[in-house]
Amino acid sequence: MPTKSSTQTLKVASWNINSVRARAEIVERFLTEHQPDVLCLQETKVVNDSFPEGLFRRLGYNHMMLNGQRMHHGVAIISKLPMRDEDRLDWQANGEARHIGVRLENGLRIENVYVPAGGDEPDRSVNPKFGQKLDFIQRMIDWSGRLDGSTLLLGDFNVAPLECDVWSHKQLLNVVSHTPVEVELLTALQNSHNWVDLGRRFVPAPERLYTWWSYRALDWAKSDRGRRLDHMWMSPDVATAAVGHQVIEGARSWTRPSDHAPLITEFAF
DNA sequence: ATGGTTGTAAAACAA
């Protein structure tokens, strides 16, 4: 992708923030402490007209691409670097704001996705939401197979694929996010473009690696019933540019937290 | 095994 001889570094973050307006304090803390160049958000829960742009501009993030809607869902990409608006795909064909794709000036595409959670019952005949989730991922597979160019695909995929991506493989086998049919589809998505799972490149299985802990636990850290629902995948042509990766687990303990922790990958091109 | 919490937005619904 980039052809310069000098090394160019880039720090990209992804965070399901569960309402960007409810998280003003902690998103500021995150940006101040970690200084990513690009922040991809999921579940912004705000229409574009009400997006808190001033908060981000004040912190030096002057470029924003928004795909929001009323009440639920919503994604955004916030950046210190200029970017071009590439696409906003609707893999459910129902108008839900779950994707935004941009291209940076160095040519890297960033595709930010919020896969549907899928409801409670892992059976599409009684729970249409589960079927919509499977169909959404299948349409991503069709899209991903045709993609070209250096691409970072990231976001809340709402699937924890590996046994070590959940606190108990056995107890979650029939829980939406870790069922075999979802895992099989997510694996097919990964294979469709030979995506490199950056999380597991830096924290290899079977090491513990979670990005989400339920609000319902009395003490999320003590019970540690986590799942790795959030992912960063790099196209194979530039995967070696990734030089570091972290899940900022501490953010789960900040005041009024999201139930997801932010992920950061650093690149050197 | 069930229930536990949060955000949106004004009663449930989605997660």
Side-chain angles (χ1 to χ4, degrees), chain A residues 14-30 40-52 55 66-76 90-99 112-124 126-137 154-161 165-179 181-182 186 210-231 249-263:
Chain A
S14 175
W15 196 4
N16 179 321
I17 199 161
N18 186 15
S19 171
V20 68
R21 289 177 293 180
R23 302 305 160 218
E25 268 184 46
I26 63 168
V27 77
E28 174 161 359
R29 176 170 175 184
F30 174 70
C40 300
L41 296 174
Q42 302 90 36
E43 278 206 86
T44 52
K45 294 190 172 179
V46 63
V47 293
N48 294 348
D49 286 347
S50 303
F51 194 88
L55 164 66
L66 310 177
N67 184 12
Q69 67 173 86
R70 197 176 124 84
M71 296 264 286
H72 300 303
H73 323 311
V75 290
D90 181 359
W91 284 302
Q92 291 179 117
N94 66 358
E96 290 182 358
R98 295 181 175 276
H99 169 264
N112 179 17
V113 182
Y114 176 43
V115 175
D120 288 333
E121 192 67 41
D123 177 350
R124 70 189 307 158
V126 298
N127 168 25
K129 287 179 183 301
F130 190 67
Q132 284 174 358
K133 178 181 194 175
L134 300 180
D135 295 345
F136 186 102
I137 299 172
L154 56 75
D156 178 0
F157 295 0
N158 265 315
V159 179
D165 289 337
V166 294
W167 64 276
S168 168
H169 170 63
K170 272 190 184 171
Q171 288 180 77
L172 291 177
L173 264 173
N174 203 34
V175 173
V176 173
S177 73
H178 193 60
T179 62
V181 60
E182 292 169 88
L186 198 73
Y210 306 145
T211 67
W212 174 89
W213 296 260
S214 171
Y215 283 127
R216 297 174 190 178
L218 293 171
D219 182 336
W220 74 274
K222 190 177 172 195
S223 61
D224 197 27
R225 294 185 168 189
R227 304 180 203 170
R228 187 169 72 108
L229 302 180
D230 303 271
H231 302 271
E249 219 175 295
R252 184 64 179 75
S253 290
W254 292 350
T255 309
R256 281 190 88 197
S258 168
D259 45 356
H260 294 252
L263 283 62

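Heavy-atom basis, side chains included; hydrogens, waters and symmetry copies ignored. Naming: A, B, ... by sequence-line order, numbering from 1 per chain.
- When the P atom of B:dA15 is taken as reference, atom CD of A:Gln42 falls 14 Å away, rounded to whole Å.
- No engagement by A:Arg225 is indicated, since no non-hydrogen atom pair under 4.0 Å with the nucleic acid exists.
- Using atom C1' as the reference point in both B:dA15 and B:dA9, the two lie 16 Å apart (nearest Å).
- Between A:Ser19 and B:dT8 there is a side-chain N or O to OP1 or OP2 distance below 4.0 Å.
- The CH2-C1' distance, from A:Trp254 to B:dT6, rounds to 19 Å in whole Å.
- Between the CZ atom of A:Phe130 and the C1' atom of B:dA14 there is a distance of 17 Å, given to the nearest Å.
- Side chain A:Arg216 to base B:dA15: a donor-acceptor pair is found below 3.5 Å.
- Under a cut-off of 6.0 angstrom, the local environment of CG in A:Asp224 is crowded, with over 12 non-hydrogen atoms contributed by other residues, nucleotides or ligands.
- Taken together, the paired segments of DNA chain B that extend over three or more consecutive Watson-Crick or G-U pairs, each closer than 3.5 Å at both contacts, are B:5-8 with B:12-15.
- Mapping A:Asp120 and A:Leu218 onto DNA chain B by nearest heavy atom places A:Leu218 closer to the 5' end of the strand.
- Taking atom C1' on both B:dA10 and B:dA14, the two are 16 Å apart, rounded to the nearest angstrom.
- Nearest nucleotide to the side chain of A:Ala22, out of B:dA15, B:dT8, B:dT6: B:dT8.
- Contact check for A:Trp91 versus A:Arg98: no side-chain heavy atoms found under the 4.5 Å cut-off.
- Under the 3.5 Å distance criterion, with hydrogens and angles disregarded, a donor-acceptor pair is assigned to the side chains of A:Ser177 and A:Arg227.
- For the pair A:Lys45 NZ and B:dC13 P, the interatomic distance rounds to 15 Å; values are reported in whole Å.
- Nucleotide B:dG4 holds its P atom 16 Å from the CH2 atom of A:Trp212, rounded to whole Å.
- In this structure, A:Arg98 reaches the sugar-phosphate backbone alone: every heavy-atom distance under 4.0 Å involves primed, P, OP1 or OP2 atoms, never a base.
- The distance from atom CD of A:Glu43 to atom P of B:dG7 is 11 Å, rounded to the nearest whole Å.
- Residues A:Val75 and A:Thr44 are not in side-chain contact: their nearest non-hydrogen atoms beyond the backbone lie 4.5 Å or more apart.
- Counting only heavy atoms from C-beta outward, the side chains of A:Thr255 and A:Arg29 never approach each other to under 4.5 Å.
- Taking every side-chain heavy atom of A:Arg21 into account, B:dA9 is the closest of B:dA9, B:dA15, B:dT6.
- Between A:His73 and A:Tyr114, the ring-plane angle classifies as tilted under the 30° and 60° cut-offs.
- A straight line from NE2 of A:His72 to P of B:dC13 spans 10 Å, rounded to a whole angstrom.
- Residues A:Ile26 and A:Trp15 form a side-chain contact, since some pair of their non-hydrogen atoms from C-beta on lies under 4.5 Å apart.
- Across the protein-nucleic acid pair, A:Met71 atom CE and B:dC13 atom P stand 11 Å apart, rounded to whole Å.
- In this structure, A:Gln92 places its CD atom where more than 12 heavy-atom neighbours from other residues, nucleotides or ligands lie under 6.0 Å away.
- With distances taken from any side-chain atom of A:Arg23 to the nucleotides B:dT6, B:dA10, B:dA15, the minimum falls on B:dT6.
- Toward the 5′ end of DNA chain B lies the nearest nucleotide of A:Asn18, the other residue of the pair A:Asp156 and A:Asn18 mapping further downstream.
- To the nearest whole angstrom, the two C1' atoms, one in B:dT8 and one in B:dG3, are 22 Å apart.
- Comparing B:dA11 with B:dG7, their C1' atoms are spaced 14 Å from each other, to the whole Å.
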